[in-house]
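Every chain is numbered from 1 and lettered A, B, ... according to where its sequence line falls, protein lines coming before strand lines. Heavy atoms only: backbone and side chains are in, while hydrogens, waters and symmetry mates are out.
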Amino acid sequence: MELKLYNSLTRQKQVFEPMDPQRVTMYACGPTVYNYVHIGNARPAVVFDTLYRVLKCLYSNVVYARNITDIDDKIINKSNELSQDINVITKKYSEAYFEDMQALNTLTPDKIPYATQHIPEMIDMVQALIDRGHAYETDSENLSDRGHVLFSVPSMPNYGQLSKRNLDEQEAGARVEVAGYKQYAGDFVLWKPSTDNEPGWDSPWGRGRPGWHLECSAMIKKHLGETIDIHAGGQDLIFPHHENEIAQSCCANDGKALANFWMHNGFININGEKMSKSLGNFRLVNDLLQQYPGEVLRYVILSSHYRSEQNFSKELLDSAWRTLDSLYGLIRGLEPVEAVLEPSGAAFKALLDDLNTPVAISELYRLAKAVNQAKGDEQQDIMRELAGLADILGLLQQDPEQWFTQARADDQLTAEQVEVLIQARQQAKQEKDFAKADQVRQQLLDGGVILEDSREGTKWRRS
RNA sequence: GGCGCUGUAGCAAAGUGGUAAUGCAGUGGACUGCAACUCCGCCAUCGUCGGUUCGAUUCCGACCAGCGCCUCCA
């Protein structure tokens with residue numbers, strides 16, 4: 001049983017072989033906490049959570065780290081904008097992030113490093129880069145330009161290996177003015193000076209703060225090691241973020257590779273358009289969770305392959321919800337069973353093939369249908385397999401009764417009212433007063449409640 | 001200009017050199033007092049044009065149409 005993953009570095013699917021099967025390491029870039037995260041931020045979290053689950057099935061010890069960037073100019077700007085302490089902002093939004101991630105059924109990573117708690121490690125790395133001739137401190141005549149430490153891109157011959165970019169062939173500075181203190185247009189900031197009213201830490205280059213790319217490199221080294229098995233993130237991070245991470249880590253660690261496998265998820269669009277501030281079409285996870293169960297969002301994300309682009313729409317969400325309803329309907333009618341993952345099953349094989357979650361999900365239906373057709377012990381066996389598959393996908397984790405009946409924002413009837421009406425209908429049915437019974441059912445339907453009669457009695461669910 | 005991606009049924013989405021999984025929606029039927037649930041069935045020739053091949057949606061080429069990155073970004 002081998003796991004194949006698409007490696008962005010080689011641009012092909014490769015058999016995954018960890019350096020140490022006793023300690024598999026993976027890192028995914030987490031959020032910068034200055035706002036609620038949007039659905040696009042949720043995709044890598046869900047996708048790589050699923051990878052984490054698969055890896056845990058294959059290896060006894062998987063160390064998964066996902067960082068929190070809690071120092072960044074965007075956060076500083078927000079702080080100034082709201083006249084709130086930066087810590088208040090980062091605390092609020094990191095907590096909101098964890099809540100969102102929990103709603104999406106993501107497992108808690110083994111390590112959740114915060115950038116601000118790794119300043120010494122970052123300073124060490126900058127110093128190492130300076131010592132090795134890969135970084136330089138600016139010494140501009142312009143006072144405000146002093147105190148920067150930049151990575152010297154020309155000092156690294158194979159810079160651009162991940163993004164396959166040759167910076168000399170890019171339109172350097174075409175869209176952004178190149179800062180005058182750079183020796184080379186592609187050089188990037190490792191350490192930047194802070195003014196008195198900006199957060200900062202003392203360093204050999206004066207009081208300042210780390211550049212964004214540096215954080216990940218330093219935290220990876222500390223928590224996972226100089227070279228890790230898998231580094232993951234969104235496609236847009238390939239350049240410059242991941243390219244620069246490679247440059248920093250590789251040059252600071254005497255040429256050692258930062259990661260053997262690089263994995264990147266595709267984008268989520270909204271109604272065919274990229275999410276952007278100018279279009280005002282961000283879909284915040286927090287807002288979506290007011291309308292949809294977290295599992296619906298997770299289902300939608302897993303219903304297409306992680307590397308392809310995905311288009312988000314109301315129709316997609318509603319259809320996903322209906323689908324999950326039918327699966328929950330199946331569980332609802334059966335006794336709970338112990339989940340058993342079937343490693344030889346088609347679903348797990350699909351997951352081992354570069355995380356083919358759409359195929360794995362289709363197996364969920366195949367099993368569901370088989371359960372509905374089977375009886376007795378056989379039914380139990382298939383149900384166990386279905387539950388095992390659901391677990392690795394992080395789906396069907398709720399109590400089915402609750403799934404159908406839990407209160408929602410737009411409810412017109414309480415659960416108690418529903419029960420009373422069902423009783424009334426039951427009474428009418430026994431008296432063969434079907435007109436009355438249908439009238440009650442219509443009343444419930446108008447209130448957003450659908451009934452399902454069965455031998456065991458009447459079940460209800462919110463539509 | 002550099003690097004790269006996509007185009008499969010109303011919607012969503014896999015996949016393969018030998019005539020296309022799956023879900024939603026739709027539809028015919030069974031079940032049901034009527035429904036709902038469930039079950040059985042139906043519903044596509046894979047952007048266009050060429051080439052390679054016994055045979056291509058799947059390989060190659062051209063074209064058309066979308067799109068991403070090259071600046072912060074999942």
Side-chain angles (χ1 to χ4, degrees), chain A residues 8 11 28-32 37-48 72-74 77 160 162-178 186 188 212 232-241 243 264-269 272-277 299-313 315-327 329-330 332-333 346 350 353 356-366 368-369 371-373 429 432-435 437-438 441-442 444-445 449-454 458-461 463:
Chain A
S8 304
R11 303 202 171 174
C29 290
T32 300
V37 294
H38 53 70
I39 191 67
N41 297 293
R43 169 121 97 150
V46 167
V47 163
F48 298 117
D72 182 271
D73 285 6
K74 287 195 289 284
N77 291 341
L162 179 66
S163 58
K164 309 287 188 283
R165 283 166 206 276
N166 179 338
L167 282 194
D168 291 333
E169 290 172 4
Q170 309 277 312
E171 293 182 36
R175 296 168 71 186
V176 169
E177 196 182 339
V178 178
F188 57 90
W212 176 43
Q235 237 156 38
D236 54 333
L237 295 183
I238 291 175
F239 190 90
H241 184 52
E243 198 67 78
H264 294 97
N265 62 274
F267 266 58
I268 284 180
N269 294 327
E273 290 179 310
K274 183 185 171 178
M275 275 191 282
S276 72
K277 275 187 183 148
Y299 179 93
V300 166
I301 287 170
L302 293 180
S303 68
S304 69
H305 187 83
Y306 77 93
R307 278 192 283 119
S308 61
E309 220 170 58
Q310 183 172 39
N311 193 31
F312 232 67
S313 66
E315 189 182 9
L316 190 60
L317 288 162
D318 291 340
S319 140
W321 199 343
R322 278 192 293 269
T323 298
L324 280 174
D325 274 350
S326 77
L327 293 172
L330 174 69
R332 190 186 201 187
D353 183 13
N356 194 333
T357 52
V359 166
I361 285 177
S362 76
E363 277 298 295
L364 224 39
Y365 308 126
R366 212 206 83 235
K369 183 173 259 191
V371 170
N372 278 321
Q373 290 168 324
K429 276 177 71 176
K432 302 270 186 222
D433 185 352
F434 294 121
D438 287 349
R441 186 171 59 201
Q442 187 60 45
L444 283 160
L445 194 58
V449 172
I450 296 169
L451 300 185
E452 287 175 25
D453 292 336
S454 73
T458 299
K459 290 179 183 145
W460 63 277
R461 60 189 166 95
S463 62

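- The listed nucleotides are A74(B), C39(B), C37(B); the one nearest the side chain of M275(A) is A74(B).
- Between D438(A) and R441(A) there is a salt bridge, since a side-chain N of the basic residue sits under 4.0 Å from a carboxylate O of the acidic one.
- Pairing partner, C31(B): none, since no Watson-Crick or wobble contact has both distances short of 3.5 Å.
- Where I268(A) and V359(A) meet RNA chain B, the nucleotide closest to each residue was compared, and V359(A) sits on the side nearer the 5' end.
- When the C1' atom is compared between G18(B) and U52(B), the two are found 16 Å apart, to the nearest whole Å.
- Between the NZ atom of K274(A) and the C1' atom of C69(B) there is a distance of 8 Å, rounded to whole Å.
- The same atom, P, is picked in A62(B) and in C69(B); the two are 25 Å apart, to the nearest Å.
- Taking atom P on both nucleotides, C59(B) is separated from A74(B) by 34 Å, rounded to a whole Å.
- Atom P of G61(B) sits at a distance of 29 Å from the matching atom of A21(B), rounded to the whole Å.
- One can place NE2 of H264(A) at 18 Å from P of G68(B), the figure rounded to the nearest angstrom.
- The separation of A9(B) from A44(B), taken at their C1' atoms, amounts to 4 Å, rounded to a whole angstrom.
- Figure legend. A56(B) is base-paired to no nucleotide; pairs are counted as Watson-Crick or G-U wobble with both atom distances under 3.5 Å.
- Rounded to an integer number of Å, the gap from CG of N269(A) to P of C69(B) is 10 Å.
- In this model, the phosphate group of C40(B) is approached by a side-chain N or O of K369(A) to a distance below 4.0 Å at OP1 or OP2.
- A close approach under 4.0 Å does occur between a side-chain nitrogen or oxygen of Q373(A) and OP1 or OP2 of C40(B).
- Using P as the reference atom, G15(B) and U58(B) are 15 Å apart when rounded to the nearest Å.
- When the C1' atom of C3(B) is taken as reference, atom CZ of R11(A) falls 7 Å away, rounded to whole Å.
- Pairing each heavy atom of A350(A) with each of V359(A), the nearest pair is CB-CG1, 3.4 Å.
- Listed candidates were A35(B), C69(B), C11(B). Nearest to the side chain of D453(A) is A35(B).
- Rounded to an integer number of Å, the gap from H305(A) NE2 to G15(B) P is 7 Å.
- Nucleotide A12(B) forms a Watson-Crick or G-U wobble pair with U22(B), both donor-acceptor distances falling under 3.5 Å.
- The nucleotide whose nearest atom lies closest to any side-chain atom of S362(A) is, among U22(B), A14(B), G2(B), U22(B).
- Judged by distance alone, with hydrogens and angles left aside, D236(A) brings no side-chain donor or acceptor close enough to the base of G68(B) to form a pair under 3.5 Å.
- Side-chain atoms of S308(A) lie closest to A14(B) of the nucleotides A14(B), A74(B), C69(B).
- Neither OP1 nor OP2 of C37(B) sits under 4.0 Å from any side-chain N or O of N372(A).
- Nucleotide U6(B) has A65(B) as its partner under the Watson-Crick or G-U criteria, with both atom distances under 3.5 Å.
- Taking atom P in both U57(B) and C72(B), the straight-line distance is 45 Å, to the nearest Å.
- For S326(A), the side-chain atoms get nearest to C24(B) when compared with the rest of G68(B), C24(B), A14(B).
- Inter-residue side-chain proximity for R165(A) and E243(A) is flagged as unmet; no heavy-atom pair is nearer than 4.5 Å.
- In this structure, R43(A) contributes its side chain and G266(A) its backbone to a donor-acceptor pair below 3.5 Å.
- Of the listed residues (H264(A), Q235(A), K164(A)), just one forms a side-chain hydrogen bond (donor to acceptor under 3.5 Å, both in side chains) with S8(A), and that residue is H264(A).
- When rounded to the nearest whole Å, the span between CZ of R307(A) and P of C69(B) equals 19 Å.
- The distance from atom CZ of R322(A) to atom C1' of A12(B) is 11 Å, rounded to the nearest whole Å.
- At a cut-off of 3.5 angstrom, the base of C34(B) holds at least one donor-acceptor pair with the side chain of R441(A).
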Legend entry - Verdict with supporting geometry, Y306(A) and T357(A), side-chain contact (heavy atoms from CB on, under 4.5 Å): CA-CA 8 Å; Y306(A) 77 93; T357(A) 52; over 6 Å; no

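- Q310(A) places a side-chain N or O within 3.5 Å of a backbone atom of V300(A) that can act as its donor or acceptor partner.
- Residue order along RNA chain B, read from the 5' end via each residue's closest nucleotide, puts R461(A) first among G234(A) and R461(A).
- Nucleotides C42(B) and A56(B) have their P atoms positioned 27 Å apart, rounded to a whole Å.
- Remark: G1(B) base-pairs with C70(B). Criterion, Watson-Crick or G-U wobble with two distances under 3.5 Å.
- In this structure, the CD atom of Q310(A) is 11 Å from the P atom of A12(B), given to the nearest Å.
- Here the side chain of K74(A) is nearest to one of C72(B), G23(B), C69(B), namely C72(B).
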